[in-house]
Each structure stands twice: as C-alpha cells, then as structure tokens.
Chemist: 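Okay, here's the structure, questions in a sec.
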Amino acid sequence: MNIGVLALQGGFVEHIRMLKEFNVNCIEIRQKSDIITHHFDGIIFPGGESSVIGKLLRELDLFEPLKKMIECGLPVFGTCAGMILLAKHIVNDQRTHFGVLDIHVRRNAYGKQSGSFKTIDVFKGLGKIPMVFIRAPYIEKVGENIEVLSVINNNIVAVKQNNIIVTSFHPELTTDSSVHRLFISVIQASNDNKLQKIDV
Amino acid sequence: MKDRSELNKNLAQMLKGGVIMDVTTPEQAIIAEKAGACAVMALERIPADIRKVGGVSRMSDPKMIKEIQNVVSIPVMAKTRIGHFVEAQILQALDIDFIDESEVLSPADDLYHIDKNKFNAPFVCGAKDLGEALRRIEEGASMIRTKGEPGTGDIIQAVRHMRQINQQIRQIQNMREDELFNTAKNLQVNIELVRYIFINGKLPVVNFAAGGIATPADAALMMQLGAEGVFVGSGIFKSGDPAKRASAIVKAVTNFKDTNMIAELSEDLGEAMVGINDQEIDLLMSQRGT
C-alpha cells in the first residue's frame, strides 16, 4: 500500500513515523514529479500552516492534479492545517483550497499558542484517545453527508465524508495510532470497492 | 506544566520545513505571510540596522507587536534580551506565540538565562554547540536555532554551528553507554538529555538555522546540513525585491535537494543584502550568552 504524505511544510515526518508500524510504503510529496512517478492508495495532509502549504501547492503545480485525485475518490486524511485545506468553507478566511469537504471550519479557533491543549476524549468507534490541539481549528457546521466522529466542548473536531477523514487535533503527535489505523481501513475498503467494480 | 512544555515543542514541530521571517511593520508582516512565511518575528529594527545604529537594543514596543498580531494568521514571535525575564513576562502577557531569547538584543544578564520552565509561552534560543543547545533545553527552550551572525548576510557562522551540533550528536551516538556520564559532565547537562541523544540521534526539540541567510542557496545549504527550517532576518527586507526573494527562499526550503529548482529560484532575485564578512565586524553577537 502506497501512502503519499504531503511534505511541503509542517509535521509530515511525524505521520511517516507513525505509519512505520503498519506495513505501508510512505512517499513524501514535495513537487509534481513525486505524484507523476508514483501510484497512491491514500494521501495525508499534515499539520503546519495552511497559508504556506496552500501557496506551495499552487506554485509547485500540485494543486490541480491532487484536486482531481481527491475528487475521484482517493482516500485522504487531513490533520489540523490538512482540515483547512480540504474544507469547503473557512469561516474566518477568504481563501479556500481544495474545497471538497462540506464543513464550515474556523482557523485558529482556540486562539494563539496559549490556547493549545491536550485532552483524552471519545472518538467514534475508537473509544477514548489522546488528542493534541496546536493552534487548532474546529468545525462549526457540517453538511448532510458528513459523519461526525468527535465533539469536544460542543465543537466538532473530527469528521468523515466518504473517503475523507479530518481531525482538528494531531494523532501523529501522540503514541496512539488508532486514527491512522482507521484511515488505513478506509483505504482498504476503497481498494476492495475498486476491485469489485473491475469484476463487474 | 509538563503538558504545556510538550505542547510548546509540538508547535515548533509544526513550523518545520518553513521559513520564519523578521518583520518590523504590519505591512512587512503581510508581505511575509503572503510570501509563505510559517511565522513572523516582530522586532523594531532588523539585525542589520541594530548593528548600524548601535547602542542598547531592547524588546520591541508592545503596541507594534500587537499591530502585527492583528494582521497575520500565522504565529507571531518576538525577542527578549538574554536573561531579561520581565521582558519575557511582558511578551507572554501579550499572548505571543513564541519568545526568542536572543543575542541580537543587548544581553540583560551575563550569567543567567531566563528560567524558561517557569513560563507557559514557548521559547526559542540560539546555540553554537551541543552543550549550549542542551543547557537551553534544560532551562525550558522548546526550540533551538543556530547563532549565526545576525545582520551580516554571512552564512559562515550558522554553518559552523549546525555542523558542530550535528557532529557532537554523531559522536554521542557512537559512544559506549558508560561513556555518556563523562559527556554529560563535559557538556554541563543532565545525563538524561545525553541519553536521549544517544538513543534518538537528534535534539529533543526542533533545530532551525538562523543568522546570515540571504539567498535560496543559503537556505538550502542549511537544510542539507540538517536544519529543520530557517529564520531569515535582514536577508529579506534589506534586499531589492523582498516579496520575490522571500517566496524563493520558502520554495528552496521545501525542495532543498532539488538543485534544478534552486537554480531556477535563484534567478533574477534583484539585489541581495550587501552584507559584511564575519572578520570585518566588531561585534560578534554569538559570543553573547553561552
């Protein structure tokens, strides 16, 4: 299984480290040639600054090809800035990026670094897991096809829409890999679906 | 407090692969954010001008820091003098995202650094070698940067520091476990920090390059030497076309191994900052605080 990790800026190494315990092949995506020369079963958008990653995506000609891949159903896992990149609506920012995920998200919703926090709370299907929020966003409103996976203090912090999973928090900064495991199961289900289609 | 210290190291992790730019006005901060800065350092004068003007340089006016906080969505950092814990308290009161206890400003204390463990806000500190880096981490720094000579446009010192720190890390990795105690003694740090390096082959916090970075090639050089990101001070707003140069440096940091791309990025950037060689300067700021 090939998982692409967007490696333009931010905490991508932490995702790659966490994926080591699963039998997957990680590919860093830094420029267009990285997506031309590989096949991907899934892709991860890490945390970092969405303004930086969004700009580099466009300037390095990664934006359009990745958008197409996501629209064609490529499984995506976005953490923090990754959630912002995928959101259809950003409440406090005029820029949007891929705009494929039907959510209204607020950037830096917990304020500056002083508002960053760690907690242990419920994630649908995974029980209680550790969650690290760093200048994190949260979701204020979701569309119809969104499955809410976690709510902290009345704010939505994790959702799923078809093959897309996003979290406000950083599972890759903890030692609990259950959200990554969930993402890999989404990839497996998506691959099985594709095979069935071919059989038909 | 332990959680807070972890969260602060985590913020530094999210800055990796990015460029932190010195800015002196809200206008410059906006240019920096648009050019792809992952954070800005708000200061009254960039190091090149601090050098030129001379005299005592202090923490920036809180009003100016607030104005910059108001116009950007990325993290805002600001500098305190070495050992000046009240300036640091003020910066924390301003809800700053990161405090740089910086040799660029005039030191307030020639013996003691700030006890950064007492603060909620994260700190970044400069280091010329591994001992200095680990002493700062013991005092509570969440991020380390080289102490390259600021405001010179001369990369030599940042290169020296990055090589030195990474060489010392490799030496520790190659030691027998029973030799770590003596290393801890020589570096004047806790054995647990030395043990961390022995096991992990890296500092327990993020390590950036800072001081003298003026071109995309400088930035890529530091990344290839093992920096996890870069600070660019005078190099941007002392150059002919700040927005273009800033943007080129950002891309060079992401694709630091792609020499074709860096060649292209280096084209037609306008005038680089003039710079001074490290032998020509009277004041070596990296000697401040050890």
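Residue numbering restarts at 1 for every chain, and letters A, B, ... go by the order of the sequence lines. No hydrogens, no waters, no symmetry mates; every other heavy atom, side chains included, goes into these values.
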Chemist: Might you point out which heavy atoms bring Pro75(B) and Arg135(A) nearest each other, and give the distance in Å?
Modeler: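 Shortest heavy-atom contact: N-NH2, 3.4 Å.
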
Chemist: At a 4.5 Å cut-off on heavy atoms, which part of Glu172(A) comes close to chain B: side chain, backbone, both, or neither?
Modeler: side chain

Chemist: Given the options Asp258(B), Ile74(B), Asp97(B), Val19(B), which has more heavy-atom pairs under 4.5 Å with chain A than any of the others?
Modeler: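 Of Asp258(B), Ile74(B), Asp97(B), Val19(B), Asp97(B) has the most heavy-atom pairs under 4.5 Å with chain A.
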
Chemist: Looking only at non-hydrogen atoms, find the nearest pair between Leu7(B) and Gln113(A) and report the distance.
Modeler: O-NE2, 3.3 Å

Chemist: Charged N to carboxylate O under 4.0 angstrom, Lys16(B) versus Glu14(A)?
Modeler: yes

Chemist: Taking everything shown except Glu264(B) itself, do over 12 heavy atoms lie less than 6.0 Å from its CD?
Modeler: no

Chemist: Specify the closest pair of heavy atoms between Ser247(B) and Lys55(A), including all atoms of both residues, with the distance to one decimal.
Modeler: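 Scanning both residues, the minimum pair turns out to be OG-NZ, 2.9 Å.
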
Chemist: For a quick check under 3.5 Å, do Ser51(A) and Lys34(B) share a side-chain donor-acceptor pair by atom type?
Modeler: no

Chemist: Let me know if Gln92(B) has heavy atoms under 4.5 Å from chain A in its side chain, its backbone, both or neither.
Modeler: neither

Chemist: Under a 4.0 Å threshold between the charged nitrogen and the carboxylate oxygen, would Lys118(A) count as salt-bridged to Glu6(B)?
Modeler: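 Answer for the salt bridge query: no.
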
Chemist: Looking at Gln9(A) and Cys38(B), what are the two nearest heavy atoms and their distance?
Modeler: NE2-CB, 3.8 Å

Chemist: What's the verdict on side-chain contact (heavy atoms from CB on, under 4.5 Å) for Arg30(A) and Phe256(B), showing C-alpha distance, side-chain angles and the deciding distance?
Modeler: CA-CA 10 Å; Arg30(A) 291 174 186 269; Phe256(B) 63 92; 4.0 Å; yes

Chemist: Count the heavy atoms belonging to other residues, nucleotides or ligands that lie under 6.0 Å from CZ of Phe237(B), then report whether that count exceeds 12.
Modeler: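 For Phe237(B), atom CZ is crowded (more than 12 foreign heavy atoms under 6.0 Å).
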
Chemist: Against chain A, label Ala37(B) side chain, backbone, both or neither, depending on which of its atoms sit under 4.5 Å from a heavy atom there.
Modeler: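 Only the backbone of Ala37(B) comes within 4.5 Å of chain A.
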
Chemist: Using side-chain contact (heavy atoms from CB on, under 4.5 Å) as the criterion, point out the one residue from Thr254(B), Val253(B), Val250(B) that pairs with Leu8(A).
Modeler: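 When side-chain contact (heavy atoms from CB on, under 4.5 Å) is applied between Leu8(A) and each of Thr254(B), Val253(B), Val250(B), only Thr254(B) qualifies.
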
Chemist: Pair Glu33(B), Glu49(A) - check side-chain contact (heavy atoms from CB on, under 4.5 Å), show working.
Modeler: CA-CA 10 Å; Glu33(B) 183 175 35; Glu49(A) 284 302 322; over 6 Å; no

Chemist: Should the heavy atoms of other residues, nucleotides or ligands under 6.0 Å from CG of Asn70(B) be counted, would the total exceed 12?
Modeler: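 Atom CG in Asn70(B) is packed in, count exceeds 12.
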
Chemist: Which bit of Ala81(A) is near chain B, if near means a heavy-atom gap under 4.5 Å: side chain, backbone, both or neither?
Modeler: neither

Chemist: Please rank Ala35(B), Ser73(B), Gly36(B) by heavy-atom pairs under 4.5 Å with chain A and give me the top one.
Modeler: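 Result: the option with the highest number of such pairs is Ser73(B).
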
Chemist: Among Leu173(A), Val13(A), Ile134(A), which residue meets the side-chain contact (heavy atoms from CB on, under 4.5 Å) test with Gln13(B)?
Modeler: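 Answer after filtering Leu173(A), Val13(A), Ile134(A): Leu173(A).
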
Chemist: What part of Ile53(A) gets closer than 4.5 Å to chain B, counting heavy atoms only: side chain, backbone, both or neither?
Modeler: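 Interface part for Ile53(A): neither.
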
Chemist: Give a yes or no on this: more than 12 heavy atoms of other residues, nucleotides or ligands lie within 6.0 Å of atom NZ of Lys9(B).
Modeler: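 More than 12 within 6.0 Å, yes.
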
Chemist: Looking only at heavy atoms and a cut-off of under 4.5 Å, which of Ser114(A), Gly48(A), Gly11(A) has the most pairs with chain B?
Modeler: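 Option with the top pair count is Ser114(A).
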
Chemist: Would you compute the distance between atom OG of Ser116(A) and atom CG of Asn120(B) and round it to the nearest 0.5 angstrom?
Modeler: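 With rounding to 0.5 Å, OG (Ser116(A)) is 11.5 Å from CG (Asn120(B)).
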
Chemist: Give the minimum heavy-atom separation between Lys112(A) and Asp95(B), together with the two atoms involved.
Modeler: CD-O, 2.9 Å

